[in-house]
There are 2 protein chains.
Amino acid sequence: MKQNPSKQKVIKAASTLFFQKGFHGTSVRDIAERASVNVSSISYYFNSKQGLLEYAVTNYYEDYLSSIEKTLNETNLLTPMDKLHSLISTIIQYKQNNFQLTCFIQRELSLDSVFVREMTVTYLAKENFYLKKTFFDLLGKRLKSDYKQYLFMQLKGMLITPYILHNDWKNQVVGDYSRQLFVKKYVRVIKDWLDFIVMSSEDIKRKAVN
Amino acid sequence: MKQNPSKQKVIKAASTLFFQKGFHGTSVRDIAERASVNVSSISYYFNSKQGLLEYAVTNYYEDYLSSIEKTLNETNLLTPMDKLHSLISTIIQYKQNNFQLTCFIQRELSLDSVFVREMTVTYLAKENFYLKKTFFDLLGKRLKSDYKQYLFMQLKGMLITPYILHNDWKNQVVGDYSRQLFVKKYVRVIKDWLDFIVMSSEDIKRKAVN
DNA sequence: ATTTGTCGAGTGAAAAATGAAGGATATATT
DNA sequence: AATATATCCTTCATTTTTCACTCGACAAAT
């Protein structure tokens with residue numbers, strides 16, 4: 001499983017630079033220099049700059065979806081709430097472990113390109129499916145479908161916010177310890193919100209019965 | 001107030017293309033072609049591609065901050081909750097009216113460049129200050145400062161989510177009518193959340209007294 | 001007549017991609 | 001074990017493409 005060190009070095013350098021300057025804002029020379037390899041190596045391993053991007057992103061999402069699927073399997077017997085809670089925890093954990101790529105991909109995905117559309121159908125659709133199913137299982141059939149959509153958007157927003165507003169947090173979250181602490185606390189904050197919407201949707205149900 | 005049509009055409013074309021392909025992913029030729037003007041016009045009006053960017057973004061933020069300040073002045077006598085509610089409404093409204101630029105700027109702001117840092121100190125700092133003050137006034141001194149920070153991040157996340165996950169919504173929100181409807185409904189969803197956190201923070205206070 | 005705006009051609013720099021050659025390492029052959 | 005061979009990796013030099021920006025001429029408006 002131990003890959004070629006150069007190849008790995010390139011990916012690492014690319015992740016950092018793409019994160020800082022974006023895909024188009026980074027040149028292959030920059031990447032090569034940062035990785036301390038020759039420019040041509042990049043063509044050799046990935047054919048092109050685009051190839052490098054695709055390799056990195058594909059890897060990221062393959063792993064990401066595996067984690068999600070694993071969690072869903074392992075939590076099959078739990079309550080909907082516990083299941084969703086585990087899922088959220090897994091997602092935030094993964095994103096935290098792949099911080100730079102997460103930020104970069106999140107940003108790049110809001111573009112309009114062939115590549116983005118491809119990623120959307122192959123990976124994002126799945127992620128969305130899993131998350132939506134788990135979330136809607138929790139909500140049940142109480143709320144209006146329209147309102148549920150908005151709540152779902154709110155949930156998705158919470159899962160990406162730290163990786164878009166990372167500039168707001170870089171001063172506070174530093175080092176491995178505080179990074180793990182962040183995961184714990186942030187998942188807790190989302191959990192509070194979940195408890196609230198479940199509670200208030202039960203209120204609605206109760207009112208409907210009376 | 002009626003500006004040169006060419007200049008406006010360029011800005012409009014640039015907004016669209018920057019939104020779709022990003023700043024570095026768009027060439028001045030692309031912009032010129034889409035705006036049906038000669039390439040040289042862009043240098044003529046804005047000196048450089050960077051100048052065009054700065055012009056657009058500066059305009060955007062000047063207007064944005066004015067709206068915010070206006071709202072804050074007009075709502076001075078209201079309760080903290082109503083004040084924050086108005087502010088949120090104004091913000092979402094403005095972003096919705098400048099949809100493409102909002103999405104673009106939001107994305108570009110997560111980069112690491114001199115320009116971003118400049119925008120941060122001149123505009124974002126102010127926005128943050130206003131929002132934070134209004135939000136913290138509402139929360140009072142009940143909650144732990146740490147937890148308040150997380151809630152504030154959650155709020156900020158809600159204000160940007162629709163402009164990052166816009167791909168998720170472009171099928172549902174089309175046309176002016178549904179756009180206005182969106183503003184109304186989305187602000188409502190945020191308001192529900194605000195009610196919740198205020199309510200639960202009062203719970204904590206009550207428990208502390210007993 | 002002077003300012004203001006438009007246009008096409010052109011320049012130089014930057015960046016991506018290519019291709020051939022050399023070196024290292026592993027595998028096979030005697 | 002020693003040599004030959006094939007495969008993988010790295011490097012340098014070069015080509016091709018893309019792109020931002022300039023220049024000078026021309027037209028329109030004031």
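Per chain, numbering begins at 1; letters A, B, ... match sequence-line order. This structure is a prediction, so every number in the text was calculated from the model and none was measured.
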Ser6(A) side-chain N/O to dT10(D) phosphate OP1/OP2 under 4.0 Å: yes
dT10(D) phosphate, OP1 or OP2, under 4.0 Å from Tyr45(A) side-chain N/O: yes
Ring centers of Tyr60(B), Tyr94(B) separated by less than 6.0 Å: yes
Listed nucleotide nearest any side-chain atom of [X], set [options]:
X        : options                   : answer
Ser27(A) : dA15(C), dA20(D), dT11(D) : dA15(C)
Arg29(B) : dT11(D), dC21(D), dA17(C) : dC21(D)
Tyr44(A) : dC8(D), dC21(D), dG5(C)   : dC8(D)
Ser40(A) : dT10(D), dA13(D), dA16(C) : dA13(D)

Rounded to the Å, how far apart are [X] [atom1] and [N] [atom2]?
X        : N       : atom1 : atom2 : value
Gln50(A) : dA16(C) : CD    : C1'   : 12 Å
Ile42(A) : dT18(C) : CD1   : P     : 14 Å
Asn47(B) : dC23(D) : CG    : P     : 13 Å
Glu33(B) : dG8(C)  : CD    : P     : 12 Å
His24(A) : dC19(D) : NE2   : C1'   : 13 Å
Phe46(B) : dC21(D) : CZ    : P     : 13 Å
Leu52(B) : dC19(D) : CG    : C1'   : 15 Å
Asp30(B) : dC21(D) : CG    : P     : 14 Å

Parallel, tilted or perpendicular, as decided by the 30° and 60° cut-offs, for the rings of Phe19(A) and His166(A): tilted
Plane angle bin for Phe182(A) and Tyr186(A) - parallel if under 30°, tilted between 30 and 60°, otherwise perpendicular: parallel
Sugar-phosphate, base or nothing in reach of Thr26(A), heavy atoms under 4.0 Å: sugar-phosphate
Any N/O donor-acceptor pair, Asn38(B) side-chain to dG5(C) base, under 3.5 Å: no
Rounded distance [0.5 Å steps], CZ in Phe46(A) versus OG in Ser41(A): 10.0 Å
Thr26(B) side, atom OG1; His24(B) side, atom NE2 - distance, nearest 0.5 Å: 10.5 Å
